[in-house]
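Heads up: the structure comes next, in structure tokens.
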Amino acid sequence: LYYRKGKTPRRPAPKKPTNNQKDPVGVYCRVRPLGADDEECCVEVISSTTIQLHAPDGLKANRNGEFKETQYSFKKVFGIKTTQRELFEDVAKPLVDDLIHCKNGLLFTYGVTGSGKTHTMTGSPGQGGLLPRSLDMIFNSIGPYQAKRFVFKPDEKNGMEVQNQVDALLERQKRESQQSVPKTPSSRQKVDPEFADMISPEDACKCEGVDEDSSYSVFVSYIEIYNNYIYDLLEEAPFDPIKPKAPQSKILREDQNHNMYVAGCTELEVKSTEEAFEVFWRGQKKRRIANTQLNRESSRSHSVFIIKLAQAPLDADGDNVLQDKNQVNVSQLCLVDLAGSERTSRTRAEGSRLREAGNINQSLMTLRTCIEVLRENQMCGTNKMVPYRDSKVTHLFKNYFDGEGKVRMVVCVNPKADDYEETMLVMRFAEMTQEVEVARPVDRPICGFAAGRRQRNQERGGPVDGEPPSTLSQLQNLPPVPSCEISDPSDDLTLPRVIECMEKRMKMRQMFTEEYNKAANMLKSMLQDLDGKLLSKENFLHEQRGKLGEKDKMIQNQKNEIDRLEKKSKMLEYKIDILQKTTNIYEEDKRSLQQELDSREHRLQRELSEKKRMEARLHGMVSDEKLRWQKECERRVNAKELEMQNKLWVKDEKLKQLKAIVTETKTDSRPEKPQRPSREKDRVPAKRSASPSPVPTTQPVRPMHRRSHSAGAERWVDHKPSTNVELDTVMQPNVPKAIKVTAPSEKALSKCDKYMLTHQEVASDGEIQTKLIKGDVIKTRGGGQAVQFTDIETLKQETPVAPSRKRRSSETGPNQDDKDGDWTDVETRCSVAVEMRAGSNLGPGYQHHGYPKRRKP
Ligand code: ADP
Ligand code: MG
């Protein structure tokens, strides 16, 4: 026996194909027609993908109209006029296609009780639902390519075994003798009338692209989950109608590929749509009976119809199924009619809105939670545990959500207003479900045999050498052994007949043995051949494995190296980071120090410039002061010098006078008065006192300062301001060779050594008084000229009639009687000179007499 384990719906986890593609759960909506035309409606189909819910009037009134219309979108919306066929085409057909192409699918109906779930899934005679249509399509597609019964044989662990033809035949014979295998109904008439004409012949459809070079077998299971217990609806338990035994619940197990399955669940191989219907019907009947007898509420149970499709490629001859477990594929389609989603019990209080706490279907609650968590995980990238295990329904379908496959949901809606609130909850669940994604199933690898094997085999007219069918049929057609009973001693017919038969049988046996040996030898050589091939392949594999191992090692080494380098790089990065930070700190320090330096330099600069400025100022002040003092000193020295000279001169003069007096006294004769200048002679002779006026005199008063002119050649500057009144008197001063000027002239001064200013003023008696102010021109050290006034002569006109003794008030010249006056006169002159030198203002009359000293630059 060559038992081979088939594949389970899902690939083992470690060998999970790298499939990153995901599809969202396909959610469809089907709106059933209202039960009665006058019923209030709250659902409206507004497009092929959208429905709109509006609160019924009563509710609106109760809630202040806060309920607005809400819209829900689906992959597709099916309105009340949708036929079962249309629905099937869109919703289930792709799943059947997938099933035949080795992909798993899950289809469930969801909705409130009475919304049409069962109608959609199962349907009714003439209006077959998704389930009968799926079965029909499967058999329409794989009908001619089905394997013989028992070639595929489910093991007890959700796997699939492959039996060879002989074993399968023997098992068939065994079952037939037990009469337990239902004969394939030859016509639809034999099927329960409930399932007759479920699908009209024109609705029949089939899947395209079915692999002809594979053999197929369909297995069905039918279970019911009620109150979180699993019941096998196809279990062949002897049913005692008198004392009904509560059905035994089943448990869920995980197979070696981590797929969930109902342990010990009946899996019936069905060969036709009718047979499948029959099986389903049996299950239905059992369900109904159990529900009634156990007083169950059918709306609260979930029914799960599982279609398993086993397929394996034909061998190279295109005759038998390839006896290779790796080539067996099992896919399954689960059709689930879920319990009513409502929170209210309806069977006993139909129509009433009585809410029963605890009546909420736990499995549906878990389903909702699982979908919610799945969605959250997928949308937020979280890894929250999905509580599949909390209910049997979710636990059983775990693989569909976290494995691969296609999941579709038909949300059934009854548009009646009574269902409004429940329908809204259904819609919300549907909306959420649409956001969950399930891994897209991958295509299975195809076997390495050439295509068209079945076709060629059939053209050849059957199996190679006509072996299995002929042999087997001949085995079945062995000549019957005639009765060996000999009752009559004269019966010589029986024995020869028996002998003949036996001989015949013997011959056949020999033939069979020969054939068998031949076949065995052929098989042996084939096997040896294959063995050789296998060996070489194994060797090759071994080699490859070795290489792989080496490569693995290399990769490991490289990985280690990469790890090391990564660590190192991290370390270096860390160091760089630290250095960067240190650099930053130093740079900060540097910056602040630089700033401080700058500011200090700046301050220093400022202080320096301030100092320089101060120095310059001080320097200026000092030099100014010095200059000023120098000037002052010079001025004072000059003044002092002049004063001293004047004093000296005065003393000299006094001494001379004294000398003269002395000599006069000695000789007893007074010397003649010195000759007065010519103008003196013109004056009133009587009044003219013989004063010893030294000016103008022929004698040099100060020989050292005088020019080197002879006494007689003295030149005068005769300064008569133009404002003067011409007094046509005879007593005009007459100075020979004088340079007459009306304004002070330096040029004139430089040429002369005497100076005379004629000054007029009105005297106290009203007469015009003319004063002759005389002086010496002195050369100053600076190269300029200065006038030193030496004498003032006053000319006054008086009536000559009354000559009196009275002297002119300011008549110059020494008074013989009053010697003191003479001294005073001299003193006055002296002070005048000093005042002139100091540049003082002597009054309006003398203003212009000050000649500024000329300085050389
Ligand atoms: P559920 O299984 O959701 O409780 P059912 O499928 O039993 O609801 O439907 C309740 C009733 O409504 C049944 O008599 C069924 O024939 C009818 N029904 C449901 N859906 C439709 C439909 N699309 N067209 C016509 N009748 C329907
Ligand atoms: Mg139902």
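Counting starts at 1 for both ligands and their atoms, in listed order. In this chain, residues are counted from 1 in sequence order.
Counting only N and O atoms by type, the side chains of Tyr400 and Gln332 include a donor and acceptor under 3.5 Å apart. For the residue pair Gln71/Thr50, the side-chain donor-acceptor check at 3.5 Å is not satisfied. With hydrogens and angles left out, the side-chain atoms of Lys271 and Ser217 include a donor and acceptor closer than 3.5 Å. Side-chain contact of Gln311 with Ser214: a donor-acceptor pair under 3.5 Å is absent, judged by distance alone. For the residue pair Arg375 / Thr433, no side-chain donor-acceptor distance below 3.5 Å is found, with atom types taken as modelled. Donor-acceptor pairing under 3.5 Å is recorded for the side chains of Ser301 and Glu224.
Of the polar atoms of Arg32, at least one N or O is found under 3.5 Å from an N or O of ligand 1, judged by distance alone. Checked by distance only, ligand 1 and Gly116 come closer than 3.5 Å through their nitrogen or oxygen atoms. Geometrically, ligand 1 and Ser115 share a nitrogen or oxygen pair separated by less than 3.5 Å.
When distances from atom 14 (O) of ligand 1 to the protein are checked, no heavy atom turns up under 4.0 Å. The protein reaches atom 19 (C) of ligand 1 closely, with a heavy atom under 4.0 angstrom from it.
Under the 4.0 angstrom criterion for non-hydrogen atoms, Gly114 is in contact with ligand 1. Contact analysis leaves Ile80 out of contact with ligand 1, as no non-hydrogen atom separation drops below 4.0 angstrom. Not a single heavy atom of Cys412 sits less than 4.0 Å from an atom of ligand 1.
The protein non-hydrogen atom at the shortest distance from atom 7 (O) of ligand 1 is Thr118 CB, 4.0 Å. Among all protein heavy atoms, the one lying closest to atom 24 (N) of ligand 1 is Pro33 CD, 3.4 Å.
With ligand atoms numbered from 1 in the order given, ligand 1 contributes 4 (O) to contacts under 4.0 Å with heavy atoms of Thr113. Under a 4.0 Å criterion applied to the non-hydrogen atoms of Val112, ligand 1 contributes the atoms 3 (O). Of all the atoms in ligand 1, the ones that sit under 4.0 Å from a non-hydrogen atom of Lys117 are 1 (P), 2 (O), 3 (O), 4 (O), 6 (O), 8 (O).
A donor-acceptor pair under 3.5 Å is absent between the side-chain atoms of Gln362 and the main chain of Ser391, judged by distance alone. The backbone N or O of Ser124 sits nowhere less than 3.5 Å from a side-chain atom of Gln127 that would complete a donor-acceptor pair.
Not less than 6.0 angstrom separates the ring centroid of Tyr226 from the ring centroid of Tyr231.
Nearest to atom 27 (C) of ligand 1 by heavy-atom distance, out of Lys81, Gln84, His119, is His119.
When non-hydrogen atoms are compared, ligand 1 lies under 4.0 Å from neither the backbone nor the side chain of Ser124.
Ring geometry, Tyr216 versus Tyr145: the interplanar angle falls from 30° to 60°, so the pair is classed tilted.
Within the coordination shell of the Mg ion (ligand 2), defined by N, O or S atoms under 2.8 Å, Met121 is absent.
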